[in-house]
Trainee: 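Here it is, the structure in full.
Basis for what follows: all heavy atoms, side chains included, without hydrogens, waters or symmetry-related copies. In listed order, ligands and their atoms are each counted from 1.
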Amino acid sequence: MIITDAVMKAETYYAATARDTAPYPALQGDIDVDIVIIGGGLTGVNSALELTERGYRVALVEAERIGWGATGRNGGQVTGSLSGDEALTKHLRKTQGAAAEDFVWNMRWRGHEIIRDRVARYSIECDLRHGHLHTAYKPSHMAELRATHEEAGRRGMGDEVDLLDTAAVHERLETPLYHGGLLNRRNMHLHSLDLCRGEARAAAGQGAQIFETSPVTEIIHGKRPVVVTAKGRVTADTVLLAGNAYHRLERGKLAGKLFPASLANLTTAPLPEAEARTINPQNLAVYDTRFVLDYYRMTADNRLMFGGGANYSGKASPDIAAELRPALERTFPRLRGVEIEFAWSGQAGIVPNRIPQLGRLSPNVFYAQGYSGHGIATTHIVAEIMAEAIAGTMDRFDIFASVPHLRNPLGERAGHMMLALGMWYYRMREKLS
Ligand SMILES: Cc1cc2nc3c(=O)[nH]c(=O)nc-3n(C[C@H](O)[C@H](O)[C@H](O)COP(=O)(O)OP(=O)(O)OC[C@H]3O[C@@H](n4cnc5c(N)ncnc54)[C@H](O)[C@@H]3O)c2cc1C
C-alpha cells in the first residue's frame with residue numbers, strides 16, 4: 001500500500017502532529033552501498049545514523065513511511081525498562097559472574113544518553129520532557145518498587161528517584177487508583193515519530209540514502225547480498241533486517257521466533273490548560289505495576305495519551321476507543337465522556353523470554369528485533385550494538401546472539417494461542433494475588 005501524506009496524517013496523533021512530513025523517494029533502479037538496512041523504525045533509522053556517522057555508505061529501505069510501524073504508534077515513554085533484563089542477567093551470570101548485573105544495569109540507561117545526545121546534537125524537536133511515575137496498582141506491588149529504589153540508590157542514581165506513598169502519588173495525579181509509586185526524573189517522554197524522523201533527517205544529512213514506500217520482497221544471500229523491491233535493488237556488503245513485528249521476510253529462519261501483539265493507544269481532544277494541570281500537574285509519564293499495564297502521559301498540546309491492554313492474537317481490536325475508555329475513566333473520573341480524537345493500534349514484537357533477539361541469517365545478513373512492548377530506549381542501544389558489530393566489534397552483539405530463544409515449531413497461529421494462554425495465566429495469577 002502506498003501511504004500518502006494525507007493518510008499518514010489521519011491515522012494517529014503522531015502522524016497528525018509530525019513536524020517533518022516531507023517524503024523520501026521510492027527506490028528506483030540499482031544502487032550499491034556498504035550497508036543496506038530494511039525497516040525505517042527506531043532500530044533501522046538509528047543503525048543508519050550510527051553507521052553513516054562512522055563513515056559507511058548506507059541505504060535504508062522502508063515499506064511505508066519512516067516511523068510508520070510501532071515507532072510512530074507507541075506511548076512515547078522512555079524508561080530504563082530493558083525487556084528481559086532478569087532473564088539476560090541470569091544468562092550472563094553463567095559466563096560473567098557478578099559483572100552480569102553491572103552490564104545489564106548500564107544497558108538499561110545507555111539508551112537515555114544516546115537519545116539526549118542525538119536530540120541536542122541534531123536539534124531534534126520532539127517535545128522531550130523528563131519525569132516518570134511507576135505506580136503501585138496493589139499495596140503488595142510496592143515491594144518491587146522499593147527494590148528498584150534501593151538498587152538505584154546503591155548505583156549512584158539516588159538523587160534521580162523518589163519512593164512516594166499514596167498521598168504523594170495523589171498530589172501528582174488526580175486519580176483514585178494506586179498505593180504509592182516510584183518517581184524517576186531520568187526517565188523521559190517524547191513525540192516518538194518526531195524523534196525518529198529527526199534522526200532519519202540527521203542520517204540523510206550525513207549521506208544516508210533513505211527510501212520510503214519501497215517494500216522489500218526478498219533478500220538474495222551471497223558474497224554481496226542483494227535487497228530487492230518492486231522497482232529497484234540494493235547490493236551491499238552487509239544487510240541489517242530491522243522490520244521487527246511488521247515484516248514477513250526470511251520465514252525459513254525467523255518464523256515462530258517473534259509473536260506480534262497488537263497494542264492499543266489513543267489521545268483525547270486537547271484538554272483545557274487548567275484541566276490538564278489538574279489531572280497531571282507535573283506532566284509525568286505514568287505506567288502501573290501490572291503485567292498488562294495502563295500507560296499514559298500528556299502530549300505537548302494538552303491531550304491525554306492513554307494506552308493499555310494487548311491483543312495476543314496479533315489482530316487489532318475493531319473499536320480501540322471503546323476498549324480503552326473504561327480504564328481511562330477509571331483512572332481520571334473527571335474525564336468521563338471526554339472526546340477521543342485519535343485511536344490506533346500498533347504491532348509490538350513479543351519474545352517468550354523477553355530478551356531482544358539479535359542475530360545473523362547468514363555471515364553478512366544481520367537482524368535485530370523483539371523488544372516486548374518496550375523499545376524506545378532499547379532500539380537506540382541495539383542500533384549502537386548492531387553498528388559496532390557491522391564495523392567488526394562483536395562483543396556486545398555476541399552476548400545477545402548467544403542467548404537461546406524458543407522457536408515455536410507449530411507455526412504462528414498456534415504460537416498466538418499459546419502466547420494468549422500464557423498471558424491469561426499471568427493476568428489471573430495477578431488478580432488472585
Ligand atoms: C501501541 C504501542 C505502544 C508502545 N509504547 C511504548 C512506550 O511507551 N515506550 C517504549 O519504550 N516502547 C513502546 N512500544 C514499543 C516500541 O514502539 C517498539 O519497541 C519500537 O518502536 C520498535 O522499533 P523498530 O524500529 O524495531 O520497529 P518498528 O517501529 O515497528 O519499525 C519496523 C519498520 O519496518 C518496516 N518494514 C516491515 N517490513 C518491511 C519490508 N518488507 N520492507 C521494508 N520495510 C519494512 C515497517 O513498515 C516499519 O516501519 C510500544 C509499541 C506499541 C505498538
Trainee: Please check whether I376 reaches ligand 1 - meaning an N/O of the residue sits under 3.5 Å from an N/O of the ligand, judged on distance alone.
Mentor: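 In this structure, I376 places an N or O atom under 3.5 Å from an N or O of ligand 1.
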
Trainee: What protein heavy atom lies closest to atom 40 (C) of ligand 1? Include the residue and the distance to one decimal.
Mentor: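 Answer for atom 40 (C) of ligand 1: V216 N, 3.7 Å.
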
Trainee: Considering only protein heavy atoms, which is closest to atom 22 (C) of ligand 1, and at what distance to one decimal place?
Mentor: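 Of the protein heavy atoms, N244 ND2, 3.5 Å lies nearest.
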
Trainee: At less than 4.0 angstrom from any non-hydrogen atom of R73, what atoms of ligand 1 do you find?
Mentor: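 So the atoms of ligand 1 that pass are 1 (C), 2 (C).
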
Trainee: Quick one: does T267's side chain get under 4.5 Å of Y14's, heavy atoms only?
Mentor: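 Answer no - side chains too far apart.
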
Trainee: Which ligand 1 atoms does W68 reach within 4.0 Å, using its non-hydrogen atoms?
Mentor: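 What qualifies from ligand 1 is 47 (O).
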
Trainee: Got an N/O contact under 3.5 Å between N74 and ligand 1?
Mentor: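 N/O-N/O distance under 3.5 Å: yes.
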
Trainee: Looking at Y296 versus F306, is the centre-to-centre ring distance below 6.0 Å?
Mentor: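 Yes: the rings meet the under 6.0 Å criterion.
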
Trainee: For atom 26 (O) of ligand 1, what is the closest protein heavy atom, and at what distance to 0.1 Å?
Mentor: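 Going by distance alone, atom 26 (O) of ligand 1 is nearest to T43 OG1, 2.7 Å.
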
Trainee: Using distance alone, with no hydrogens and no angle criterion, decide if T238 and Y56 have a side-chain donor and acceptor under 3.5 Å apart.
Mentor: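 No pair is found: no donor N or O on one side chain lies under 3.5 Å from an acceptor on the other.
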
Trainee: Check if G307 has a non-hydrogen atom at a distance under 4.0 Å from any atom of ligand 1.
Mentor: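 Per 4.0 Å heavy-atom rule, G307 does not contact ligand 1.
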
Trainee: So, H191 versus Y13, ring centres under 6.0 angstrom or not?
Mentor: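 Yes; Y13 has its ring centre under 6.0 Å from that of H191.
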
Trainee: Look at atom 53 (C) of ligand 1 and find which of G375, S214, G346 reaches it with the closest heavy atom.
Mentor: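 It is G346 whose heavy atom sits nearest to atom 53 (C) of ligand 1.
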
Trainee: Is Q77 close to ligand 1, meaning an N/O of one under 3.5 Å from an N/O of the other?
Mentor: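 N/O-N/O distance under 3.5 Å: yes.
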
Trainee: Under 4.0 Å from any heavy atom of V61, which atoms of ligand 1 are there?
Mentor: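 Matching atoms, with element in brackets: 43 (C), 44 (N).
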
Trainee: Could you name the option among E212, Q369, H247, R65 that has the heavy atom nearest to atom 38 (N) of ligand 1?
Mentor: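 Answer by nearest heavy atom: H247.
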
Trainee: In the protein, which heavy atom is nearest to atom 43 (C) of ligand 1, and how far is it?
Mentor: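 Looking only at protein heavy atoms, the one closest to atom 43 (C) of ligand 1 is A63 N, 3.2 Å.
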
Trainee: Where's the contact between I38 and ligand 1, heavy-atom distance under 4.0 Å: side chain, backbone, both or neither?
Mentor: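 Looking at I38 and ligand 1, just side chain atoms fall under 4.0 Å.
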
Trainee: Could you list all the salt bridge (Lys or Arg N to Asp or Glu O under 4.0 Å) pairs where at least one residue sits in residues 355-364, not counting sequence neighbours?
Mentor: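 Qualifying pairs: none.
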
Trainee: Based purely on interatomic distance, does G75 place a nitrogen or oxygen under 3.5 Å from a nitrogen or oxygen of ligand 1?
Mentor: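 Yes - when backbone and side-chain N and O of G75 are compared with those of ligand 1, one distance drops under 3.5 Å.
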
Trainee: Between A348, G39, C196, G243, which one has a non-hydrogen atom sitting closest to atom 32 (C) of ligand 1?
Mentor: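 Nearest heavy atom to atom 32 (C) of ligand 1 lies in G243.
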
Trainee: May I ask you to list the atoms of ligand 1 that are less than 4.0 angstrom from any heavy atom of T379?
Mentor: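 It comes down to these atoms of ligand 1: 22 (C), 23 (O).
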
Trainee: Could you say whether the N/O atoms of G373 and ligand 1 ever approach to under 3.5 Å?
Mentor: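 Yes, G373 has an N/O under 3.5 Å of an N/O on ligand 1.
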
Trainee: Can you sort out which atoms of ligand 1 are near T71, meaning under 4.0 Å from one of its heavy atoms?
Mentor: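 So the answer, numbered in order with elements, is 21 (O), 23 (O), 25 (O), 28 (P), 29 (O).
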
Trainee: Do the side chains of R325 and D319 get close enough for a salt bridge, i.e. N-O under 4.0 angstrom?
Mentor: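 Salt bridge between R325 and D319, a charged N being under 4.0 Å from a carboxylate O: no.
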
Trainee: Distance only, no hydrogens: is a donor on one side chain within 3.5 Å (strictly under) of an acceptor on the other, for H221 and E250?
Mentor: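 There is such a pair (donor and acceptor under 3.5 Å, judged by atom type) between the side chains of H221 and E250.
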
Trainee: By number and element, which atoms of ligand 1 are closer than 4.0 Å to a non-hydrogen atom of A242?
Mentor: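 So the atoms of ligand 1 that pass are 32 (C), 34 (O).
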
Trainee: Any idea which atoms of ligand 1 are less than 4.0 Å away from a heavy-atom of H374?
Mentor: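 With H374 as reference, the close atoms of ligand 1 come out as 10 (C), 11 (O), 12 (N), 15 (C), 16 (C), 18 (C), 19 (O).
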
Trainee: Just to check, does A245 reach to within less than 4.0 Å of ligand 1 when the distance is taken from its heavy atoms?
Mentor: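 Judged by the 4.0 Å heavy-atom criterion, A245 does not count as contacting ligand 1.
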
Trainee: Checking side chain to side chain donor-acceptor pair (under 3.5 Å) for the pair N187/H112: CA distance, chi angles, key distance, verdict?
Mentor: CA-CA 8 Å; N187 284 340; H112 292 56; 2.9 Å; yes

Trainee: Consider every N or O of A264 and every N or O of ligand 1, then say whether any pair is closer than 3.5 Å.
Mentor: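 Checking ligand 1 against A264, no N or O pair falls under 3.5 Å apart.
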
Trainee: Return yes or no for this condition: an N or O of A377 is under 3.5 Å from an N or O of ligand 1.
Mentor: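 Not met; the criterion fails.
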
Trainee: Does any N/O atom on E64 come nearer than 3.5 Å to any N/O atom on ligand 1?
Mentor: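 No; the residue has no nitrogen or oxygen that sits under 3.5 Å from a nitrogen or oxygen of the ligand.
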
Trainee: Can you name the residues that form a salt bridge (Lys or Arg N to Asp or Glu O under 4.0 Å) with R201, not counting sequence neighbours?
Mentor: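 Here the qualifying residues are D20.
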
Trainee: Considering the heavy atoms of P215, write down every atom of ligand 1 situated less than 4.0 Å from one of them.
Mentor: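 Every atom of ligand 1 under 4.0 Å from some heavy atom of P215: 42 (N).
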
Trainee: Considering only non-hydrogen protein atoms, determine which one is nearest to atom 35 (C) of ligand 1 and report residue, atom name and distance to 0.1 Å.
Mentor: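 Ranked first by proximity to atom 35 (C) of ligand 1 is E62 OE1, 3.2 Å.
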
